[in-house]
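Working notes for the structure below.
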Amino acid sequence: MGFEKNFSLEGKIALVTGASYGIGFAIASAYAQAGATIVFNDINQELVDKGVKAYAEIGVKAHGYVCDVTNEEAVNALVAQVEKEVGVIDILVNNAGIIKRIPMVEMSAADFRKVIDVDLNAPFIVSKAVIPSMIKKGHGKIINICSMMSELGRETVSAYAAAKGGLKMLTRNICSEYGKYNIQCNGIGPGYIATPQTAPLRERQPDGSRHPFDSFILAKTPAERWGNPEDLAGPAVFLASDASNFVNGHVLYVDGGILAYIGKQP
Ligand code: NAP
Ligand code: GCO
């Protein structure tokens with residue numbers, strides 16, 4: 001193997017949270033192809049079973065666990081169990097996330113807190129649980145799944161934007177605090193990706209035409225398409241591999257160019 005060995009994840013153990021389907025599944029599948037052993041969790045047994053089956057269908061033996069990433073005790077127990085049953089986690093992807101699209105003045109504080117809990121507090125909890133063993137092992141990669149909303153606002157997503165903006169700064173802070181232990185913490189900021197999370201924004205209208213938001217995204221994206229979860233595979237492998245050992249505290253936007261573009265002129 002030549003230079004490409006720098007991108008290999010052979011012998012590495014990767015935990016991807018909330019990875020039964022969608023973006024997490026695509027990232028974990030790419031890690032498996034690059035040689036890593038895959039561990040994932042999801043919120044209930046049904047999703048975990050669905051995930052294990054989906055990985056098996058592509059020839060990957062994934063280790064699936066039920067765990068709510070907002071529950072610190074459950075996360076600590078998960079990490080201890082993974083270390084015992086699989087080994088020390090070399091790569092963590094904080095992928096599990098939720099969104100609630102509600103105008104801010106109509107949103108309850110409880111709903112706001114729920115989004116912050118899953119999208120910001122949980123990456124803190126899971127990172128905190130894996131860092132001590134990474135320090136002992138002498139290396140580690142943490143990848144936080146951020147968003148366009150780490151940079152931009154829009155109507156109805158105040159809690160999500162607050163959480164994903166916070167996640168960008170948590171990324172920089174983990175880098176700042178633990179870079180000296182050879183731990184790299186970076187973010188991936190996906191653009192608009194076709195997954196169940198964004199399905200309501202792409203629903204066809206009763207007359208068969210595109211949802212107005214769907215047309216809006218096409219006009220905002222130089223690539224003139226939605227992303228696919230697979231578009232995140234290459235960047236995610238790069239940030240998990242030795243090829244990125246001096247890349248730290250960075251958010252890599254994988255957005256078809258949205259952040260570079262003012263939008264299609266009328
Ligand atoms: P998704 O389809 O909704 O998948 C997220 C996964 O996380 C689901 O399996 C979900 O379970 C799980 N989850 C939710 N709360 C959890 C908890 N407390 N503990 C454990 N697992 C939990 O989302 P996606 O579109 O693939 O997004 C994955 C990540 O990318 C999220 O962080 C999202 O914010 C981010 N992102 C998405 C896009 C996009 O355009 N799709 C763009 C930028 C960033 P349930 O099915 O039960 O909810
Ligand atoms: C929304 C979307 C976004 C995307 C994504 C953009 O309602 O605007 O759901 O927030 O999911 O995070 O990068």
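Ligands are counted one by one from 1 in listed order, and the atoms in each one are counted from 1 as well.
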Verify the distance criterion only: is there a donor paired with an acceptor across the side chains of [X] and [Y] at less than 3.5 Å?
X: Gln184; Y: Ser244; value: no
X: Ser176; Y: Arg172; value: no
X: Thr171; Y: Asn144; value: yes
X: Ser127; Y: Asn94; value: yes
X: Asn245; Y: Lys141; value: yes

With side chain to side chain contact (heavy atoms under 4.5 Å, CB included) as the criterion, how do Ser150 and Val251 come out once you've worked through the C-alpha distance, each side chain's angles and the decisive distance to 0.1 Å? CA-CA 9 Å; Ser150 299; Val251 179; 5.7 Å; no
Less than 3.5 Å apart, N/O on ligand 1 and N/O on the protein: could you list those pairs with the distances?
| residue | atom | partner | partner atom | Å |
| --- | --- | --- | --- | --- |
| ligand 1 | 9 (O) | Asp42 | OD1 | 3.2 |
| ligand 1 | 9 (O) | Asp42 | OD2 | 2.8 |
| ligand 1 | 11 (O) | Asp42 | OD1 | 3.2 |
| ligand 1 | 18 (N) | Asp68 | OD1 | 3.0 |
| ligand 1 | 19 (N) | Val69 | N | 3.1 |
| ligand 1 | 25 (O) | Thr195 | OG1 | 2.6 |
| ligand 1 | 26 (O) | Ile23 | N | 2.9 |
| ligand 1 | 32 (O) | Asn95 | O | 2.7 |
| ligand 1 | 32 (O) | Lys164 | NZ | 3.0 |
| ligand 1 | 34 (O) | Tyr160 | OH | 2.6 |
| ligand 1 | 34 (O) | Lys164 | NZ | 3.1 |
| ligand 1 | 34 (O) | Gln197 | NE2 | 3.3 |
| ligand 1 | 40 (O) | Ile193 | N | 2.9 |
| ligand 1 | 40 (O) | Ile193 | O | 3.2 |
| ligand 1 | 41 (N) | Ile193 | O | 3.3 |
| ligand 1 | 41 (N) | Thr195 | OG1 | 3.1 |
| ligand 1 | 46 (O) | Tyr21 | OH | 2.6 |

Can you list everything that forms a side-chain contact (heavy atoms from CB on, under 4.5 Å) with Ile43? Sequence neighbours excluded, please.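 Testing Ile43 for side-chain contact (heavy atoms from CB on, under 4.5 Å), a comparison that skips the adjacent residues, returns Leu47, Asp68.
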Per-ligand residue contacts, ligand 2, heavy-atom threshold under 4.0 Å: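 Heavy-atom contacts below 4.0 Å: Ile99, Arg101, Ser147, Met148, Met149, Arg154, Val157, Tyr160, Pro190, Gly191, Tyr192, Gln197, Thr198, Leu201.
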Close aromatic pair by centroid cut-off 6.0 Å: Phe40 and Tyr65: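 Ring-ring flag for Phe40/Tyr65: false, centres at least 6.0 Å apart.
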Please go through Tyr261's hydrophobic cluster and name the other residues, only I, L, V, M, F, W, Y counting, with side-chain heavy atoms under 4.5 Å joining them.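 When side chains under 4.5 Å apart are linked, Tyr261 ends up in no cluster with other residues.
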